[in-house]
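Report on one structure; see the data block that follows.
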Number of protein chains: 2
Amino acid sequence: MPTTTQDSSIAALLRDDILRGQYRCGERLPSERDLAVRFGVHRSTVREAFKRLEQLGVARIAPGGARVAPLEEASLDIVEHLLALDDVPDPEIVDQVLEALSGFRAMAARLGTERADAGQRARLLEILDAMTRSGLGNEQYSELVSELSDRFVEASGNMVLRLMGHSLRPKLAHTRLGYGLFSDPPSRAEVEKHLEQLVRAIESADGTLASEAIYDLSRLFRRSLRERSTSAERSLPEERALPEAQPMADVHEPALAAARAGARSGRSARAGGRS
Amino acid sequence: MPTTTQDSSIAALLRDDILRGQYRCGERLPSERDLAVRFGVHRSTVREAFKRLEQLGVARIAPGGARVAPLEEASLDIVEHLLALDDVPDPEIVDQVLEALSGFRAMAARLGTERADAGQRARLLEILDAMTRSGLGNEQYSELVSELSDRFVEASGNMVLRLMGHSLRPKLAHTRLGYGLFSDPPSRAEVEKHLEQLVRAIESADGTLASEAIYDLSRLFRRSLRERSTSAERSLPEERALPEAQPMADVHEPALAAARAGARSGRSARAGGRS
DNA sequence: CGTGCCACCATGGTCCGACCAAAACCCCCG
DNA sequence: CGGGGGTTTTGGTCGGACCATGGTGGCACG
């Protein structure tokens, strides 16, 4: 049992506050001394929490006061905490994570397919074979997808992929919205089409083909999931085809809103490129 | 001038030691008290450094002693420090980063292309136009590639991509081996072929095509770079087509070796899957 | 009344020393 | 040779203290 220390609890609290948008970017957060009395701990404890926040990239601490850092400086690691912010995570965030996950897996599939040795290839095909077996629950199915993804990463031999992977991969399992909970799974025929494509890709070491297969496959499930969550959470029938036209009349979470706005438009702020 | 604090210096020192493989995974690193006297600072300063290391995912600190964490727990953020470990970074690492970067950019291109609005599309084409201009140094060229990549990320509207991006993107600029220093750049014709493909992809909002174009383009440069660095640093003529057959008779850096081995084979260690 | 300078205060960075609980270690006993 | 219990070490936290710096308000001057 990993007894959670006070400093990490405090760090988690502050981190979530920041991610939730309690403090706007650039805003000063309370002084170490203030927080120390507020939390009833010694200042050095708060201090350690601050160091974590800084390393996470969500805060910048400097004489004069610690300030909330812009999202550009945050670590990829914040993704998991974004998902864990609320009991039922923001569907928008979930969707973005799934989208990135699809892309990541496509990348892994490409590199893994190109590099896999015979044994790895066999293992990959084995998993794919298991996936085509009928009677698989969504749970086991997504388990296999994860497994497959891991094997691709492994076969790619690329450590950077590995690192990206475990900042992304398991984080959805925590949430109620992880893979495996859609009421309207994609059609079996469609899935199998992509699976077959993937088999061919692996057998011929065609990275591009594998990449496409995985991406399309992921997209199928992602779409099911999105439809489910959006219909459950709210009711926006439009297919988000026009991102910037979206009302964005959201609930709370200014940080996320800012993140989206930043990721979406962003350019207007710093229009003139360099050079 | 960001005056670097003692705790961050110490954290950096320890981090580099760990990444360099001075301590094997799981090994205990010196106690806070030891390090305090060794560095001539107070224990609490070392302590803050430790918190950073833990947040970075390179160390796990617990009563009884802090231990080096397995690579699986490390943050993507260590990549930049891996590149900065030596004056001339390990070509293997550089190659892996470039490879991941290619994949990432391909992903960004796909999502960005699919989602870009008219303005973003115009901006993308603008950059591509600049890239086809003759007389560009490799420096400016890679600058444009970066810019293009950023715009894709922006157009994708995906915050996760954004986060991944700035853990990956600028880190090569520090090194002597960044894009732009190859003596044998890819042929102009080949490059332009992909650029044209990319233009078509953007105009038709074809994510897959864009992804391919970017990936192939990146690969061109990556190959030139790899050839250059390998010929300069050492002499291994083989094209690394057989990863596991590679002698791996490297110099030092057990951590990286472990990373590679882990990412490459890995499976044998934990053979039996779950479920 | 407006403006610029300066002292003051809050803040982070670091240090000292101390206590506790748990893990690690070691030696002695069976 | 193995196991058990006590000792040592280690991290977690605390209280307080000093310093340099940056922010801020007030005071004197124009």
Side-chain angles (χ1 to χ4, degrees), chain A residues 1-18 22-70 73-75, chain B residues 1-18 22-70 73-75:
Chain A
M1 64 202 77
T3 90
T4 148
T5 64
Q6 293 195 59
D7 77 270
S8 71
S9 308
I10 293 176
L13 244 92
L14 294 174
R15 156 173 53 71
D16 287 350
D17 275 354
I18 293 175
Q22 309 281 84
Y23 307 97
R24 268 167 310 185
C25 172
E27 187 176 341
R28 259 193 56 186
L29 36 85
S31 75
E32 300 174 347
R33 291 175 173 83
D34 276 0
L35 291 171
V37 307
R38 183 186 308 180
F39 289 124
V41 300
H42 191 260
R43 186 182 149 215
S44 54
T45 304
V46 175
R47 189 140 241 295
E48 293 167 12
F50 270 34
K51 298 300 179 180
R52 301 186 113 101
L53 295 183
E54 181 164 65
Q55 196 64 46
L56 235 201
V58 297
R60 208 185 316 181
I61 93 192
R67 318 192 96 89
V68 174
E73 296 182 13
S75 163
Chain B
M1 64 205 80
T3 90
T4 146
T5 64
Q6 294 194 61
D7 77 89
S8 73
S9 309
I10 293 175
L13 240 80
L14 294 174
R15 156 174 52 71
D16 285 351
D17 275 355
I18 293 174
Q22 310 280 83
Y23 307 95
R24 269 169 308 185
C25 172
E27 187 176 341
R28 263 193 51 186
L29 35 86
S31 75
E32 298 174 348
R33 291 174 173 85
D34 275 1
L35 290 172
V37 308
R38 183 185 308 179
F39 289 124
V41 300
H42 191 261
R43 187 181 147 214
S44 52
T45 303
V46 175
R47 189 140 242 293
E48 293 168 13
F50 269 34
K51 299 299 179 180
R52 301 187 113 100
L53 295 183
E54 182 164 63
Q55 195 64 46
L56 235 200
V58 297
R60 206 185 316 182
I61 109 188
R67 321 191 91 89
V68 175
E73 296 182 13
S75 164

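Distances shorter than 4.0 Å separate none of the side-chain N or O atoms of B:Thr45 from OP1 or OP2 on C:dG13. Distances shorter than 4.0 Å separate none of the side-chain N or O atoms of B:Ser44 from OP1 or OP2 on C:dC16. Put simply, B:Arg47 has no side-chain N or O that comes within less than 4.0 Å of OP1 or OP2 on D:dG11. Look at A:Thr5 and you won't find any side-chain N or O under 4.0 angstrom from OP1 or OP2 of D:dG12.
One atom, CD of A:Glu32, and another, C1' of D:dT13, lie 15 Å apart when rounded to the nearest Å. Atom CZ in B:Arg33 sits about 11 Å away from atom C1' in C:dG17, given to the nearest Å. The distance from atom CZ of A:Arg67 to atom C1' of D:dT21 is 14 Å, rounded to the nearest whole Å. B:Ile10 has its CD1 atom 14 Å from the P atom of C:dG13, to the nearest Å. Computed from coordinates, the A:Asp7 CG to D:dT13 C1' distance equals 10 Å when rounded to whole Å. When rounded to the nearest whole Å, the span between NE2 of A:His42 and C1' of C:dG13 equals 14 Å. Between A:Arg43 atom CZ and D:dC18 atom C1' the separation is 11 Å, expressed in whole Å. If you take CG of A:Leu29 and P of C:dT11, they are 12 Å apart, rounded to a whole angstrom.
Considering only side-chain atoms of A:Ile61, the nucleotide from D:dG12, C:dC15, C:dG12 that sits closest is C:dG12. Taking every side-chain heavy atom of B:Ser31 into account, D:dG11 is the closest of D:dG11, C:dT14, C:dG12.
A:Glu32 places no side-chain N or O within 3.5 Å of a backbone atom of A:Val46 that could act as its donor or acceptor partner. A donor-acceptor pair is defined here as one N or O able to donate and one able to accept, closer than 3.5 Å; such a pair exists between the side chain of B:Ser31 and the backbone of B:Asp34. Checking side-chain atoms of B:Arg67 against main-chain N and O of B:Gly26 turns up a donor-acceptor pair under 3.5 Å.
Within 4.0 Å (heavy atoms only), B:Arg28 reaches sugar-phosphate atoms of the nucleic acid but no base atom.
The pair B:Arg60-B:Glu73 meets the salt-bridge criterion, with a side-chain N (NZ, NE, NH1 or NH2) lying under 4.0 Å from an Asp/Glu carboxylate O.
In this structure, CD on A:Glu48 lies 10.0 Å from CD on B:Glu54, to the nearest 0.5 angstrom.
For the residue pair B:Ser44 and A:Ser44, no side-chain donor N or O sits within less than 3.5 Å of a side-chain acceptor on the partner.
Remark: of the listed residues A:Asp7, A:Leu29, A:Ile10, A:Leu29 is the sole one forming a side-chain contact (heavy atoms from CB on, under 4.5 Å) with A:Phe50.
Across residues 51-60 of chain B, not one residue has a non-hydrogen atom less than 4.0 Å from an atom of DNA chain C.
In this structure, A:Pro30 and B:Gly64 both approach DNA chain C, and ranking their closest nucleotides by distance from the 5' end singles out A:Pro30.
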